[in-house]
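We're numbering straight along the sequence, starting at 1. Treat the numbers as computed from the prediction; the structure is a model and nothing was measured.
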Amino acid sequence: MVHAKKKEPLPGVTVLLKGTSVGVATDKDGKFSLEVPQMDSVVLVFSFVGMKDKEIAIKKLEKEMKPLTVVMEENEEELSEVVVTGMFNRRKEGFTGSAVSVKGEDLKKISTTNIAKALAAIDPSFRIMEDVLNGSNPNRLPDLRMRGQATLPGGSNAGASAEMVTLQGEYDTYPNKPLLIMDGFEIDLQTMVDMDPDRVESITLLKDAAATAIYGSRAANGVIVIESKVPKEGRLWVTYGGNFRVEIPDLSDYNLMNAEEKLRAEVLAGMYKGDGSIDVLQNYQDKLREVKRGVDTYWLDKPLRTAVQQRHTVTLEGGDRALRYRLYVGYNHTPGVMKGSKRDVMTGSLDLQYRFNKVLLKNSITVDNSVGDESPWGSFSEYTKLNPYLRPYGENGEILKRLDNFVIFTYTGGRTTDYANPMYNATLNTKNRATNFSIRNLFSVEYNPNSDLRLIGSFSLSKGNGKTDVFRPAQHTAFEGIADPAKRGDFRRTQRENFQYSLDLTASYNKLLGEVHYVTANARMSVQESKDENYGAHVTGFPNENMDEILFGKQYDEKMTGSENTSRLIGWAGSFGYSYAYKYSVDFSIRLDGSSQFGKDNRFAPFWAAGVRWDVKKENFMSRVDFISEFVLRASYGVTGTQGFAPYQSRELYSYNALLYPYLASDGTGVELVAMPNEKLKWQQTDTWNIGLEMGLLNGRITARAEYFQKLTKNSLTQVTLAPSLGFGSYPENMGTLENKGVELNFAFIPYQNTAKSAYWTISVNGSHNTDKLKKISEALRHMNEENYNEQGDSPLPHYEEGESINRIWAVKSLGIDPMTGEEILLKRNGKITGEYDVVDLVPCGTTEPKWQGNINSSFAYKGFGVDVSMAYKFGGQVYNQTLVDKVENADLMRNADKRVLDLRWMKVGDTAKFKGMNTGIDGAGTKATSRFVMDENTFQMTSIALSYRMDRTNTKFLERWGLSSVKFAFNMEDLFYLSSVKQERGTDYPFARRFSFSLNVAF
């Protein structure tokens, strides 16, 4: 019998008679029986993937042999030394690129549902940009970045007309997201977000050019390679995974006035001075009476709930050495903390592997179906503005459509404000739903003529369709004031279809010559095509909420909307590596890509990278330095590209939209040229330097990793502004240059370790620093600066200057509030003091990029018990506190505002105050962007705490009697608190949330 150290039987272990081809494989219980030729003694060789080979010598053969028990040990070195690149697997000792690999089990220690969140906690180069608007909305995708951004602001559609954007298509709103590869094929961001972490075997982050150049034109933003779990060999394995989550809204960042405070603020602002008429006093008394009655409505909890979420999965897998299978079925139900919002995802996949001699066939088919509903309660920001002395319900408990309608008399005249109740629309049958269905099939044939050469042919095919329906009946508050019944109520439907295929032919050669010369050579040819179509219709005239199908409308828009995008890519990639005794290693990779997205004069472009690696520890002079267990130096340089631009951006674009009318005298129709061509448009390229240091001390008890990188993006695609007389506002051109520099540090320490008790305690700290600089900008960005000058309001708008960061905050320098007048004192660029705001005086007042940010992680395990803690921090950056502008200084006191409006504003001559005095204007003080609202931002966040216990047959004997292999319980708490030096509202359209989850995994 053959089993692992945990006494779990190992099916499929190869047992060979040494020196012969005679052998068998163990059965599902790890047992085997082998007949051997007549001889005095034999040596049996046991081998299994991920285990150390073992030889057992039987010196004396007898007719009746006693049962033989063999214990195999995991080959940790083998498991950790392979770098998965998504194309060619490389030995770590000979790999010169910057790559970080994370096991699927380690991801679940941080988050049981969010893969991206777990990656951000483990590696400092990978970031999720904070979305202060959408918070925890389950239907919103995260903005992912790796080592800053390589695409200039403005993108491929900067300055383009709305019609041109529709025709050309937009790049997902995320032009800086890394390339996502799963099992060798590209996937979209939504697939990664919806993916069950239990399906992940490992994830590898490829960060520098030496690691990513094989992806050529798509690699400048980095590459995330996801490897899903492969079928287990042996008996039928059945695994159930259950995850139950509770999400609680996090409103700790809101600091709104209660009813008494709000009424006092109105009095201080002079709302009830008026002309001394009885109407003004009556208005005040009516509100005061409500306050005295105890009316103090907490509007923030009206659209919110405690959301109960769940995920259930079942996996069946097994097979023998020839045929393996894995069937996965999963359902994830994710209601959000805003009432009515949710996302449901159903996934099914079937993986098959068939091995015949030297040929391995693989096929994986995955089906996804998702339904996403937005909340009918509207934007959360509407509730933050409602006055707390208003009642949400009528005398009979009904939700009121209008909360109040009164005239406020002020010393500047009169203003009427009508308070609509955002709760009312939630009582109607409305719809805002997106549904998507997709199917992906991945097929590959692998041929291994010998142990050194591997040939692979693979083909992937994906098809998807979806639709978005938005329905509002005539009773919706959006249609108040519209008398025409054919215009009241609407239904908007958008249909989407996409089709994509790719074909890859790969050859890999790996050879160890003379025990010290390791050579690897790889080549691949790839062909890809993707096609997207979308079209939409808008129908009006829905008299009631029961007529909620698009066919019931009275009037269609004259024309439908829509677009079509097709892009093609062909590429040839090659890589060569040589290593001498795994001490000195060199790598060289090259790729030639051709794409339909660029001009015909520059359709093809080469990308390449080279790297070196020196394992200093293997030098003779280091052999006596016992406390250093690892010492590696790496360096690389390469050129990669950025794709994902509009498919037809280099071509002339024509539109029928404005001239699509019937002509009695002709069967033709009019057409309008809407975009200029650029046949010389070429690839955006990023030059990347990377230097790395890896060190281990005290036999790996202390490890450190340091990286320095520099990225220079050239030929960045922007829009060139044209004279109006030419008939076009702009056309695409390669004219921008952007530089990124950064440092990444990782430290890990193991203060306690006891293998006999399966016990350890690890502490890790990581961090990164990134700076960017615009080296060259286009006329389009200069024109954008001019437009932003004219539109400058109370929020800083983007401003681009050569030599400055694209993350700069531009505002007019403020010297504070004048104690005598209560007005702001400003500083002009020439150093003179003024009270007049002028956009010419805008200067850089900070940067949103922190000086340092990272994570602190700790993991403790003891005999099956586990405790994992992850915290995030950042400091040294700045933020423009929009809350102080919108809810304090420029607060419209017809609506609710921040409590600080009572304490920090100028009241009388001689006051030293941070903000101007109160007034009753709709824009408050009317202050525009100044440095008073730029604040240093330092944050500390408890990302997650996880408690777990794993029972198996080594520590819980009764599991075997119950027919169980293992059981694992886990309790996770995520986003427990968020501490910041800046008090501002977060999650304004959709609030953030705290999450508590319980997980159960049972293996039969």
Side-chain angles (χ1 to χ4, degrees), residues 110-114 116-118 120-121 127-143 193 243-258 297-310 334-343 374-375 377-386 388 422 853 855 869-874 879 881-884 886-887 896-900 937-946 971-998:
I110 297 172
S111 177
T112 57
T113 58
N114 193 324
K117 183 178 180 179
R127 301 180 185 177
I128 303 175
M129 308 307 292
E130 186 177 49
D131 189 348
V132 296
L133 291 178
N134 295 303
S136 62
N137 191 335
N139 295 307
R140 289 294 185 267
L141 293 174
D143 185 4
V193 171
N243 182 267
F244 303 88
R245 310 179 297 276
V246 176
E247 273 197 359
I248 301 173
D250 182 4
L251 303 178
S252 59
D253 293 311
Y254 287 88
N255 189 34
L256 301 174
M257 291 182 285
N258 60 31
T297 304
Y298 188 64
W299 287 101
L300 298 190
D301 67 359
K302 295 298 179 286
L304 303 182
R305 64 184 175 187
T306 296
V308 180
Q309 307 168 349
Q310 53 187 307
T334 312
V337 294
M338 284 199 73
K339 296 175 182 177
S341 65
K342 71 178 178 68
R343 181 170 182 82
E374 296 292 349
S375 174
W377 293 73
S379 171
F380 185 67
S381 62
E382 298 180 58
Y383 297 86
T384 67
K385 299 175 183 177
L386 295 178
Q853 65 177 336
N855 300 272
V869 180
S870 180
M871 298 165 281
Y873 67 90
K874 65 178 180 181
V879 64
N881 194 335
Q882 194 65 44
T883 301
L884 290 180
D886 295 341
K887 294 292 183 69
N896 204 1
D898 193 283
K899 289 178 181 286
R900 287 170 286 188
E937 184 183 34
N938 306 312
T939 67
F940 183 79
Q941 181 179 9
M942 178 58 72
T943 306
S944 70
I945 299 177
F971 178 68
N972 289 57
M973 297 171 282
E974 299 180 32
D975 301 321
L976 281 183
F977 61 79
Y978 178 90
L979 305 177
S980 175
S981 59
V982 178
K983 182 69 175 178
Q984 63 174 336
E985 295 177 356
R986 299 167 62 247
T988 51
D989 283 345
Y990 198 107
F992 284 86
R994 299 183 177 100
R995 176 178 293 172
F996 304 86
S997 65
F998 173 77

Closest heavy-atom pair and its distance - Asp898, Met257: O-CG, 4.0 Å
For the student: nearest non-hydrogen atoms of Arg900 and Thr883, plus distance: NH2-CG2, 4.1 Å
Heavy-atom pair of closest approach, residues Ala993 and Glu247: CB-OE1, 3.9 Å
Ile110 backbone acceptor or donor facing Lys117 side chain under 3.5 Å: no
Check: Asn881 side chain, Lys983 main-chain N or O, donor-acceptor pair, under 3.5 Å: yes
Qualifying residue, where the test is side-chain contact (heavy atoms from CB on, under 4.5 Å) with Thr384 and the options are Asp886, Leu300, Asn896: Leu300
Heavy-atom check, side chain of Gln309 versus side chain of Pro335, under 4.5 Å: yes
Under 3.5 Å: donor-acceptor pair, side chain of Arg305, backbone of Gly336: yes
Check: Asn137 main-chain N/O paired with Asn134 side-chain donor or acceptor under 3.5 Å: no
Tyr990 six-ring face occupied by Arg140 cation (under 6.0 Å, within 45°): no
Distance, nearest 0.5 Å, that separates OH of Tyr978 from OG1 of Thr943: 11.0 Å
Minimal non-hydrogen separation, Met942 against Ser870, with atom names: SD-O, 3.7 Å
Expected output: side-chain Ser379 to main-chain Ser381 donor-acceptor under 3.5 Å: yes
Derivation and outcome, side-chain contact (heavy atoms from CB on, under 4.5 Å), residues Leu386 and Thr297: CA-CA 9 Å; Leu386 295 178; Thr297 304; over 6 Å; no
Ion pair Arg245/Glu974, N-O distance below 4.0 Å: no
Inter-residue atom distance Met338.CE - Ser136.OG, 0.5 Å rounding: 10.0 Å
Any side-chain donor near an acceptor of the partner, Thr112 and Asn972, under 3.5 Å: no
Modelled atom types, side-chain donor and acceptor of Gln941 and Asp975, under 3.5 Å: yes
Donor-acceptor pair, side chain of Ser981 and main chain of Asn938, under 3.5 angstrom: yes
Exercise: identify the closest heavy-atom pair between Glu937 and Thr939: CG-CG2, 3.8 Å
Ring centroid separation Phe380 to Tyr254 under 6.0 Å: yes
Exercise: identify the closest heavy-atom pair between Gln882 and Gln984: N-OE1, 4.3 Å
Atom pair CG (Leu304) and OH (Tyr383), whose distance is rounded to the nearest 0.5 Å: 9.0 Å
Check: Gly340 main-chain N/O paired with Ser375 side-chain donor or acceptor under 3.5 Å: no
Main-chain N/O of Val132 paired to Arg986 side chain as donor or acceptor, under 3.5 Å: no
Within 6.0 angstrom of Lys385 NZ, more than 12 heavy atoms from elsewhere: no
Asp131 side chain vs Pro142 backbone, donor-acceptor pair below 3.5 Å: no
